[in-house]
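Here's the structure, in structure tokens; my notes come after.
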Amino acid sequence: MSRYTIVKGFKDILPGEVEVWQRIENVAWDIFEDFGFSQIRIPVLEKTELFTRSIGTSTDIVEKEMYTFTDRKGESLTLRPEATASIVRAYIEHKLYARDPVFKCYTMGPMFRRERPQRGRYRQFYQINAEVIGLNSPKSDSELILILMTIMKHLSVPGIFLHINSLGCKECRARFKGRLREFLDQVSGSLCPDCFRRREQNPLRIFDCKVPTCQETISEAPSILDFLCSGCHAHFEEVQENLKGFKIPFEVNNRLVRGLDYYTRTTFEAITTELGAQNALAGGGRYNGLVQALGGPDQPGVGFAIGLDRLAALLIPQAKENKKKPRLFIAALGAQAQREGFSWLETLRIDRKIRCEMDFEDHGLKTQMKRADRLGASYVLIVGDRELEERVAVCRNMMTGEQKPVSLKGNIDDIIENICLAIA
RNA sequence: GUGGGUGUAGCUCAGUCGGUAGAGCACCGGGUUGUGGCCCCGGUUGCCGCGGGUUCGAGUCCCGUCACUCACCCCA
């Protein structure tokens, strides 16, 4: 065990995995651009108050998961636990609403939450985020979901399901919470200790409880969907209509509550069956009061986040080895051949853009051949004293075993040209 | 924060009743003085997670501790 080890819950993304991450990003970026989204890059550190204001002080994230510290001048800073707050902050700070009434953006980066790590859950984890600020139409809710599911489709993500719900606006939620409390008071005896506590603080969260007796108890509970005002009801109906129009299968899940306080109306989650307990691949929703709550104009917003680590974990097993193989391996024997081979190597790479490798340690031919084979080189150029003297190298096709002479006469340009012809 | 599982070679893992540490893969060398894969032969690799205890003797039993991991919780 080495002396220096990675911080608990953090993760190195090694060569072989990175390619999968890049593919996901490339697919997502393409689709975002097709839908008229622009990229934004924001810092990982913000003033703590931004998150307590936006996420909500009684949420788990703010209560016990944030990496918060005071800097050298005593200011409380926090490594961002999510991206939306920062994006909204940037939107307000740079008065982006004045540039264009509709702001559509995407970003990617690490988030930090100090939870107990487990499969699919890290203390530094990556999200791809997309946000639309300035549109209240259910069309933008459905379009965002369409984007999300299009990305998943292009990546051939297996076993994915979409759950949607509506949390209503401030008014419907207040009426619902009142009724829910009444209900919970009646059944409080059969709730687990956690839920008993949640009853007062955050009654909606009880819907997320996985204790079987609680599940059974709340199956009788009133549904938020029965409490939506006419506006929220119509909004939710249209979102569903649009999804049907896009032929996106979904399930209305009236128990889908999300962990951030700022959500209103539409919420959604993309779930996978193949990832163990941490099965949420992506989640999002509408946040109509958030911009104003953070001191901006009263602009509505919708957004989603994709869990990149989870998505990559899902895709890595089926990813094939796609390490780039060299076209040519130069097997140089002896000091003089090493010198000449070295200059050919770099010239081929720079001037001819040919993927090319050689062994700098001047090993025997057998060892160099093995190395060429392991790297998957298509051709090997063999150059030793004999070849230098006769000014003719040997070019071996590693697939067929066929060997052809390559003239080393003339200046370096001639030689490079001859090599290129031999491996064309 | 709470519970379970696992820590032995670079990797995957055996290790019986407590008796000097093993296999496969990988790596290195040889068979082939300058030709890869396949085959054969040989070799290297270990604070058996760490600390203590029991014992003539501990990878093995006991206690502690740390790490990893899965799950609860929560969420991406």
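Below, read A as the first sequence line, B as the second, and so on, with proteins coming before strands; counting in each chain starts at 1.
As judged by a 4.0 angstrom heavy-atom cut-off over every strand, A/Ala372 is placed among residues making no nucleic acid contact. Using a 4.0 Å heavy-atom cutoff across all strands shown, A/Gly120 reaches at least one base atom of the nucleic acid. Note on A/Gln124: nothing from the nucleic acid sits closer than 4.0 angstrom, heavy atoms only. A/Tyr126 comes within 4.0 angstrom of no nucleic acid atom, judged by non-hydrogen atoms across all strands. In this structure, A/Gln278 reaches the bases: a heavy-atom distance under 4.0 Å links it to at least one base atom across the strands shown. Across all strands shown, A/Leu311 has no heavy atoms under 4.0 Å from either base or sugar-phosphate atoms.
A ring-centre distance under 6.0 Å is found for A/Tyr91 and A/Phe103.
The P atoms of B/rG10 and B/rC50 are separated by 13 Å, rounded to the nearest whole Å. Here, B/rA14 and B/rG52 have their C1' atoms 28 Å apart, quoted to the whole Å. As rounded to the nearest Å, B/rU12 and B/rC72 have P atoms that lie 25 Å from one another. For the C1' atoms, the distance from B/rC70 to B/rA26 is 29 Å, rounded to whole Å. The same atom, P, is picked in B/rU45 and in B/rA21; the two are 14 Å apart, to the nearest Å. Nucleotides B/rG5 and B/rG42 place their P atoms 43 Å apart, quoted to the nearest Å. For the P atoms, the distance from B/rU8 to B/rG15 is 14 Å, rounded to whole Å. Taking the P atom of each, B/rG29 and B/rU44 are spaced 15 Å apart, rounded to whole Å.
Every pair passing ring pair (Phe, Tyr, Trp, His ring centres under 6.0 Å) that includes a residue from residues 122-164 of chain A is listed here, sequence neighbours excluded: A/Trp21-A/Tyr126.
Across B/rG29, B/rA76, B/rC68, the shortest atom-to-atom separation from the side chain of A/Lys8 is found for B/rC68.
Across residues 396-405 of chain A, A/Arg396, A/Met398, A/Gly401, A/Gln403 each have a non-hydrogen atom less than 4.0 Å from an atom of RNA chain B (numbered order).
Note: CZ (A/Arg374) to P (B/rC38) measures 11 Å, nearest angstrom. Look at CD on A/Gln368: it is 12 Å from P on B/rU35, rounded to the nearest Å. Atoms CG (A/Leu365) and P (B/rG29) sit 13 Å apart, rounded to a whole Å. Between the C1' atom of B/rU35 and the CE atom of A/Met369 lies a distance of 4 Å, rounded to the nearest Å. Whole-Å rounding puts the A/Lys11 NZ to B/rC68 P distance at 15 Å. Here B/rU69 presents its C1' atom at 15 Å from CD1 of A/Ile6, a figure rounded to the nearest Å. Here the C1' atom of nucleotide B/rU69 and the CZ atom of A/Arg121 are 13 Å apart, to the nearest Å. In this entry the distance linking CD1 of A/Ile271 with C1' of B/rA76 reads 10 Å, nearest Å.
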Query raised in the report: Can you check salt bridge (Lys or Arg N to Asp or Glu O under 4.0 Å) on A/Asp414 and A/Lys409, steps first, answer last?
Result: CA-CA 7 Å; A/Asp414 299 327; A/Lys409 298 201 173 82; over 6 Å; no
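In this structure, the aromatic ring of A/Phe125 is positioned over the six-membered ring of the base of B/rA76, centres within 5.5 Å and planes within 30°.
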Annotated structure of RNA chain B as dot-bracket, pair cut-off 3.5 Å, Watson-Crick or G-U only, | for inter-strand, is (((((((..((((.....[..)))).(((((.......))))).....(((((..]....))))))))))))....
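The aromatic rings of A/Phe32 and A/Phe37 are tilted relative to each other, their planes meeting at an angle between 30° and 60°.
Side chains of A/Asp141 and A/His235: a donor on one and an acceptor on the other come within 3.5 Å. A donor-acceptor pair shorter than 3.5 Å can be found between the side chains of A/Arg339 and A/Gln336. Between the side chains of A/Thr68 and A/Thr78, a donor-acceptor pair is found at a separation under 3.5 Å. Remark: the A/Arg286 side chain and the A/Asn136 side chain contain an N/O donor-acceptor pair separated by less than 3.5 Å. Between the side chains of A/Arg310 and A/Gln278, at least one donor-acceptor pair of N or O atoms lies under 3.5 Å. Checked by atom type, the side-chain pair A/Arg41/A/Gln39 shows a donor-acceptor distance below 3.5 Å.
Judged by distance alone with a 3.5 Å cut-off, a donor-acceptor contact links the side chain of A/Glu387 to the base of B/rG34.
Residues A/Met111 and A/Pro81 form no side-chain contact, since every pair of their non-hydrogen atoms from C-beta on lies 4.5 Å or further apart.
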